[in-house]
Amino acid sequence: MPWRGAFSISEYEGTYRMAEYSSLEKIRLQKIEELRAQGIEPYPTRAERTHTSLQAIAALEAAPAGEETEIRATLAGRIRATRPMGKLVFTHIEDGEGKIQLFLRVNEIGQEKIDFFNKYYDLGDFIQASGVMMRTRTGEATLQVHDFKMLAKAVSPLPAAKDETLDDGTLVRHAALEDAEIRARQRYADLAVNAHIRENFRQRAAIVKALRSYLDGEGFLEVETPILQPLYGGAAARPFVTHHNELEQDMYLRISFELYLKRLLVGNLERVYEIGRDFRNEGVSFKHNPEFTQLEFYCAYADYLKVMELTENMIGHVCDTVFGTRKFTFEKEPGKAYELDFSTPWRRLEMRQGILETSGIDIAEYPTAEALFKAIVTRHPHKTPDPHVTRGKLIDFLLGEFLEPTLIQPTFLHDYPRDISPLAKPKPGDPLTVERFEGYVAGFELCNAFTELNDPLDQEQRFLDMQTDYSDDEEEKNPLDEDYLRAMRYGMPPNGGFGMGVDRLTMLLTNNRSIREVLLFPALRKEE
RNA sequence: GGGCGUGUAGCUCAAUGGCAGAGCAGCGGCCUUUUAAGCCGUUUGUUGAGAGUUCGAGCCUCUCCACGCUCACCA
């Protein structure tokens with residue numbers, strides 16, 4: 001907000017650096033000043049509440065007929081609608097659980113208080129009201145107010161206006177806050193006004209809790225590893241760089257947890273997991289945010305087949321405990337909804353087979369990048385991949401172009417090319433392929449897992465190969481982590497590892513097609 | 001980063017290149033069971049910013065800003 005000079009009210013003049021106030025805000029500031037002039041503090045320090053909105057309604061419903069007037073309650077919440085009628089006022093307040101109607105009546109509180117309410121209370125203000133529970137003529141559970149108090153005056157009007165409930169119970173939103181930018185930038189206003197958004201985030205919290213409870217139940221230890229790292233690794237992504245002044249060295253925000261968690265397996269912690277933030281300095285899109293929540297776990301003496309079972313059971317557990325069902329509707333595009341079924345077992349599909357079925361190309365017949373490239377351009381002349389990439393990248397291209405869009409129901413796509421999987425263990429008898437799978441749902445990648453490479457000499461060679469393979473591609477070049485190799489030389493048990501974007505899982509289960517909808521404060525350019 | 005699109009009152013949206021508008025919110029009044037309460041009256045604008053074309057620009061052109069979609073990127 002540009003500074004445009006102080007608001008003229010004497011109370012504030014010269015005292016604060018004032019934003020530019022709208023005419024609506026100036027009126028509310030005037031009300032604040034008038035309240036203070038009357039000795040009424042518009043921001044009192046303490047509040048009281050005996051019932052939440054739901055508790056008050058439940059108490060009324062539980063009361064035997066004729067004893068309703070015994071139910072005294074003090075409620076607190078934000079004013080969302082007012083209907084003043086001269087000698088009566090109906091108003092709805094909203095608290096953390098829902099809405100409840102307040103009824104101010106001249107017979108109980110007198111005209112003076114009615115007028116005072118109408119003059120000084122606005123939509124958005126926090127109010128405390130006490131009285132007795134009653135039912136209106138239409139049967140709505142309502143608090144008949146005997147006394148009320150301002151808890152916090154809102155200077156700025158909330159962006160949304162009103163809801164209408166039709167006879168059939170449908171909620172129609174009028175002048176609702178829909179602007180995507182305002183909703184994301186001012187999430188506080190979005191949450192205050194859009195109850196269904198609050199529900200999204202409650203569900204997200206429940207999902208994370210259910211993931212934890214499943215892994216805890218399976219004997220996994222939750223750990224925390226460094227976010228600020230001297231080297232980054234475990235994924236192919238550009239990192240954020242920062243600098244430590246005293247140590248006089250650059251530090252990186254982690255792009256994955258993998259290399260630290262596997263060090264713990266060397267230390268005989270057999271089952272570990274971490275839920276936390278990864279940072280990738282890359283493009284922002286409806287499914288990418290520069291920081292996102294990742295779950296990784298590593299399980300000693302397991303292979304990727306065991307990890308598949310853990311995965312489908314873990315997600316099944318989340319579905320059951322949070323939603324009570326394994327069937328979900330996901331609207332990937334407007335008007336294009338999928339019915340997803342997370343029942344176990346998920347479909348297993350070998351990548352070679354999947355690519356053959358969807359593109360007509362059997363990658364096993366083309367063991368070199370040159371041969372595979374030729375096969376692709378011959379069969380699909382209108383779809384041309386970059387000719388200078390590795391065989392693994394070409395397979396990735398086929399996967400993205402042809403196979404991925406067909407993977408709607410939960411599917412484990414398994415057995416990946418070795419050269420795009422430098423931390424995965426080769427399949428016995430097939431040196432070009434590693435034991436890796438990705439979980440696909442609704443046509444996009446949900447998770448990634450493999451039988452972890454635990455041969456320190458092979459690992460060292462893979463790192464060196466990466467350095468040369470991508471020598472002309474700085475962005476792909478991961479630093480060689482000598483300490484990780486040192487750890488592995490002490491001996492790492494065979495193990496299966498797993499990583500999943502928690503934001504993406506939340507998107508799927510809450511039917512949100514944009515990652516912004518499941519992040520409270522998604523990354524945005526700074527405002528002017 | 002490329003392409004396409006959007007930006008008008010606090011909110012949701014109108015306006016052939018010709019006086020910037022409506023509903024809600026706000027303000028004043030009436031109203032003792034309302035729930036988008038209603039009725040009467042009424043206020044609010046740097047049309048994202050800047051430049052240009054034109055007698056005249058919300059509208060056309062250019063630059064910039066923000067956001068959305070999409071492509072690239074994301075093993």
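Proteins get letters first, then strands, A, B, ... in listed order; numbering begins at 1 in each. Treat the numbers as computed from the prediction; the structure is a model and nothing was measured.
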B:A57 versus B:U61 - spacing of their C1' atoms, nearest Å: 11 Å
Closest to the A:Ile182 side chain, choosing from B:A25, B:C11, B:U33: B:C11
In whole angstroms, how far is the P atom of B:A25 from the CZ atom of A:Arg80? 13 Å
Heavy atoms only, 4.0 Å cut-off, all strands: where does A:Pro417 land among base, sugar-phosphate and nothing? nothing
B:G56 pairs with, by Watson-Crick or G-U criteria that keep both distances under 3.5 Å: none
Judged by atom type as modelled, is there a donor-acceptor pair below 3.5 Å linking the side chain of A:Arg72 to the main-chain atoms of A:Ser130? no
Between A:Arg83 and B:A37, is there a side-chain N or O to OP1/OP2 distance below 4.0 Å? yes
Closest to side chain of A:Met134, choosing from B:C73, B:U33, B:A75: B:U33
Between B:U70 and B:G56, how far apart are the P atoms? Round to whole Å, please. 42 Å
Given RNA chain B, 5'-ward residue of the pair A:Pro157 and A:Thr91, judged by closest heavy atom: A:Pro157
A:Met351 CE - B:A75 C1' separation (whole Å): 10 Å
From CE of A:Met85 over to P of B:A36, roughly how many Å is that when rounded to an integer? 13 Å
Identify which nucleotide among B:U33, B:U32, B:G10 has an atom closest to any side-chain atom of A:Leu24, counting heavy atoms from C-beta outward. B:G10
Candidate nucleotides B:G26, B:A75, B:U35, ranked by approach to the side chain of A:Ile27 - the nearest: B:G26
Go through B:C67, B:U70, B:U32 for me and flag the one nearest to the A:Arg185 side chain. B:C67
Out of B:U35, B:U33, B:A75, which has the shortest distance to the side chain of A:Phe90? B:U33
Can you say whether the rings of A:Phe463 and A:Tyr484 are parallel (under 30°), tilted (30 to 60°) or perpendicular (over 60°)? tilted
In whole Å, I'd like the distance from the CD1 atom of A:Ile100 to the C1' atom of B:U35. 14 Å
Base paired to B:A51 (Watson-Crick or G-U; both N/O distances under 3.5 angstrom): B:U61
Among B:U35, B:G26, B:A75, the nucleotide that comes nearest once only the side chain of A:Lys31 is considered: B:G26
A:Tyr121-A:Phe148 aromatic ring centre distance below 6.0 Å: yes
Does a salt bridge link A:Asp122 with A:Lys153, judged by any charged N lying under 4.0 Å from a carboxylate O? yes
Under 6.0 Å between ring centres, would you say that holds for A:Phe330 and A:Tyr338? no
Reckon A:Lys119 touches a base, only the sugar-phosphate, or nothing at all at heavy-atom distances under 4.0 Å? nothing
Using 30° and 60° as the class boundaries, would you call the ring planes of A:Phe240 and A:Phe279 parallel, tilted or perpendicular? perpendicular
Heavy atoms from C-beta onward define the side chain here; which of B:A25, B:A37, B:A75 lies closest to that of A:Asn448? B:A75
If pairing means Watson-Crick or G-U wobble with both distances under 3.5 Å, then the partner of B:G17 is none
Watson-Crick/G-U partner (both atom distances under 3.5 Å) of B:C67: B:G5
Nearest-Å distance for atom pair CD/P, residues A:Glu25 and B:U44: 17 Å
So A:Tyr416, base contact, sugar-phosphate only, or nothing? Heavy-atom distance under 4.0 Å. nothing
For the C1' atoms, the ones on B:G18 and on B:G48, what distance do you get once it is rounded to whole angstrom? 24 Å
For the pair A:Arg418 and A:Asp430, find out whether any cationic side-chain nitrogen is under 4.0 Å from an anionic carboxylate oxygen. no
Can you tell which of B:G26, B:C31, B:U70 lies closest to the side chain of A:Leu123? B:G26
A:Lys393 side chain N/O closer than 4.0 Å to the phosphate oxygens (OP1, OP2) of B:C74? yes
Taking only the side-chain heavy atoms of A:Asn107 (C-beta and beyond), determine which of B:U33, B:U32, B:C74 contains the nearest atom. B:U32
Measure from NZ or CZ of A:Arg391 to the centre of the six-membered ring of A:Tyr366, then state whether that distance is under 6.0 Å and the direction lies within 45° of the axis. no
Atom-pair distance (CG on A:Leu102; C1' on B:U32), nearest Å: 17 Å
C1' spacing across the pair B:A72 / B:G45, given as an integer number of angstrom: 40 Å
Using the P atom as the point on both nucleotides, what is the distance between B:U63 and B:G1, in whole Å? 16 Å
Return the nucleotide paired to B:G38: Watson-Crick means purine N1 to pyrimidine N3 with N6-O4 or O6-N4, wobble means G-U with N1-O2 and O6-N3, both under 3.5 Å. B:C30
Can you tell me if CD on A:Gln111 sees more than 12 non-hydrogen neighbours from other groups inside 6.0 Å? yes
Complementary nucleotide of B:C24, counting Watson-Crick and G-U pairs under 3.5 Å: B:G10
Taking the same atom, P, in B:C11 and in B:G52, what whole-Å distance lies between them? 30 Å
Roughly how far apart, to the nearest Å, are B:G10 and B:C71 at atom C1'? 37 Å
Rounded distance (Å) that lies between atom P of B:C74 and atom CZ of A:Arg280: 11 Å
Could you tell me how far B:G5 sits from B:A20 if I compare only their P atoms? Round to whole Å. 29 Å
Between the base of B:U33 and the side chain of A:Glu140, is there any donor-acceptor pair under 3.5 Å? no
Starting at CG of A:Asn281 and ending at P of B:G1, how long is that distance when rounded to a whole Å? 12 Å
Report which part of the nucleic acid A:Ser421 touches: base, sugar-phosphate, or nothing (heavy-atom distance under 4.0 Å, all strands). nothing
Ignoring hydrogens and angles, does a donor from either the side chain of A:Thr138 or the base of B:U33 sit under 3.5 Å from an acceptor on the other? no
